[in-house]
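Report on the following structure.
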Protein chains: 2
Amino acid sequence: MQSYTEENYLKIIYHLSEISHPVLTNAISERIQTKAASVTDMIKKLSEKGLVNYVKYQGVTLTDKGRSTAINIVRKHRLWEVFLVDKLNFKWDEVHEVAEELEHIQSNLLIERLDEFLNFPRVDPHGDPIPDKHGNFAELALVKLSKLKPGDQGTITGVSEHSSAFLKHLEKLSLTLGKQIQIIEVLAFDGSVELLVEQQKTNISREVAKYILITKS
Amino acid sequence: MQSYTEENYLKIIYHLSEISHPVLTNAISERIQTKAASVTDMIKKLSEKGLVNYVKYQGVTLTDKGRSTAINIVRKHRLWEVFLVDKLNFKWDEVHEVAEELEHIQSNLLIERLDEFLNFPRVDPHGDPIPDKHGNFAELALVKLSKLKPGDQGTITGVSEHSSAFLKHLEKLSLTLGKQIQIIEVLAFDGSVELLVEQQKTNISREVAKYILITKS
DNA sequence: AAAAATTTTTAGATTTGTCTAAATAATGAA
DNA sequence: TTCATTATTTAGACAAATCTAAAAATTTTT
């Protein structure tokens, strides 16, 4: 059994592992709003518990045990987000903070029943995949919108930036999950993208396009 | 804002206040599985925060602020219990531990939406009243089954003992919430009660009868 | 490759909530 | 009402998670 704090560290390390390997102390300290010295202490503790592999000055990687714990927290987080949006009518930019708390509730029965109640969703309200109870993710072929070529079509199935500001921006442009889009043009000088959503032409910056994930069709 | 632990103390003090006034240190320490010395420390802290009135050696009472905090936790606890039973098919003896954790989730929006989603329930799965968002309890005229006379009829609307063993026992006897009952006889020598539930005669001890709450009809 | 800058770790302190052991107050019995 | 018992508080210590300041290792620059 891990403490609330240990769980948070494992989750952060899991997410940062997708960017850099191994995960550096400072990367964790920035993400978790904690001084580097404190992170070192916690890393040592997690290492002693066999949840991470730690080499001084080199950073950490998750052990199998650490990874499966982290994935379970991610699973809980995303299932709760689906609950909040689908059942309690939260907006997709309102769910994160509450799910941060709910993800630490300890009860396997609760999560399995919740999963069932929500009809075994594969993705959360941001399009992020929800691992099953064994920690397996369904394969989704997602492509960044910024990688598409004129003429390409697809469905918005995810975002890789979750700030409220960004999500509200997308909402304003009607670029929400499930929407069909088609690329009209990619402007050479700034990489901004002109596209079609619901018969409407819209222009988005390259920055924004990078954070929108598409399933091509 | 109170810590998880402070919230638990307030909740326990609130519940114990219904039995004795003021609430003694040892009563808290027994209920919360903590040594009396630790309870004294926490009580002092709550007192400094203006959540309880504390007189050395005399025990504590809740201030208005402390009481409304406690009632809010009780509200959350009971709403979550309804959710677990009504939506996730938990049995009434399985909900307590999980609700103990869920009650500390911080989000007014969450609780208001949950309340709405559950259709503003007045009582939890054990028949305990759920205060509204202003902390007001709906009045329910509940009577202990042990106070009824032969011929009296009513509906089981609550229990005042929540142990899993007790609830399982009631389940076995079909004495669950909402069931109609009628008293056949109260045996003089041991106070045990013979009654009718779903056309079936059952006999329960005086002890059990004391913990079953009835709305007479 | 040495110096400078940055990152990470160590050492020692702090806060929260807990403990044990000892001291003090309140209660009950003779 | 005095003694014994029980309840409560005080004093000092500890574990978890954090901090600051200083030391050590690594990386970057020149």
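Lettering of chains follows the sequences in order, A, B, ..., and the numbering in each one begins at 1.
- Residue A:Y4 is classed as having no contact, given no heavy-atom separation below 4.0 Å to the nucleic acid.
- B:Q58 places its CD atom 7 Å from the P atom of C:dA26, with the value rounded to the nearest Å.
- Whole-Å rounding puts the B:L46 CG to C:dT16 C1' distance at 13 Å.
- The structure places OG of A:S192 at 10.5 Å from CZ of A:R206, a figure rounded to the nearest 0.5 Å.
- Here B:Y57 does not reach the OP1 or OP2 of C:dA23: none of its side-chain N or O atoms lies under 4.0 Å away.
- Among the nucleotides D:dT8, D:dT18, C:dA11, the one closest to any side-chain atom of A:A37 is C:dA11.
- Between the C1' atom of D:dA16 and the CD atom of A:E7 lies a distance of 15 Å, rounded to the nearest Å.
- One finds no salt bridge joining A:D152 and A:K147 here, because no Lys/Arg side-chain nitrogen approaches an Asp/Glu carboxylate oxygen to under 4.0 Å.
- In this structure, of D:dT10, D:dA21, C:dT8, it is D:dT10 that holds the atom nearest to the side chain of B:T40.
- A close approach under 4.0 Å does occur between a side-chain nitrogen or oxygen of B:N26 and OP1 or OP2 of D:dT8.
- Under 4.0 angstrom from either OP1 or OP2 of D:dT9 there lies at least one side-chain N or O belonging to B:T25.
- Between the CD1 atom of A:I32 and the C1' atom of D:dC19 there is a distance of 15 Å, rounded to whole Å.
- Rounded to an integer number of Å, the gap from NZ of A:K44 to C1' of D:dT18 is 14 Å.
- Checking the phosphate oxygens (OP1, OP2) of C:dT18, a side-chain nitrogen or oxygen of B:Y9 falls inside 4.0 Å.
- Phosphate proximity of D:dT10 to B:K56: present, with a side-chain N or O under 4.0 Å from OP1 or OP2.
- Listed pair B:Y54 / D:dT9 meets the phosphate criterion, a side-chain N or O lying under 4.0 Å from OP1 or OP2.
- Close to C:dT18, at under 4.0 Å from its OP1 or OP2, lies no side-chain N or O of B:S38.
- The phosphate of C:dT8 has neither OP1 nor OP2 within less than 4.0 Å of any side-chain N or O from A:K35.
- C:dT10 atom C1' lies 17 Å from atom CE of A:M42, rounded to whole Å.
- Taking CG of B:L170 as the reference point, atom CH2 of B:W92 lies at 5.0 Å (rounded to 0.5 Å).
- Ion pairing between a basic and an acidic side chain is recognised when a charged N comes within 4.0 Å of a carboxylate O; A:K49 and A:E6 show such pairing.
- Distance from the side chain of B:D41 is smallest for C:dT18 among the nucleotides C:dT10, C:dT20, C:dT18.
- Note that CE of B:M42 is 9.5 Å distant from CG of B:N8, once rounded to the nearest 0.5 Å.
- We find that CD1 of B:I43 is positioned 18 Å from P of C:dT16, with the value rounded to whole Å.
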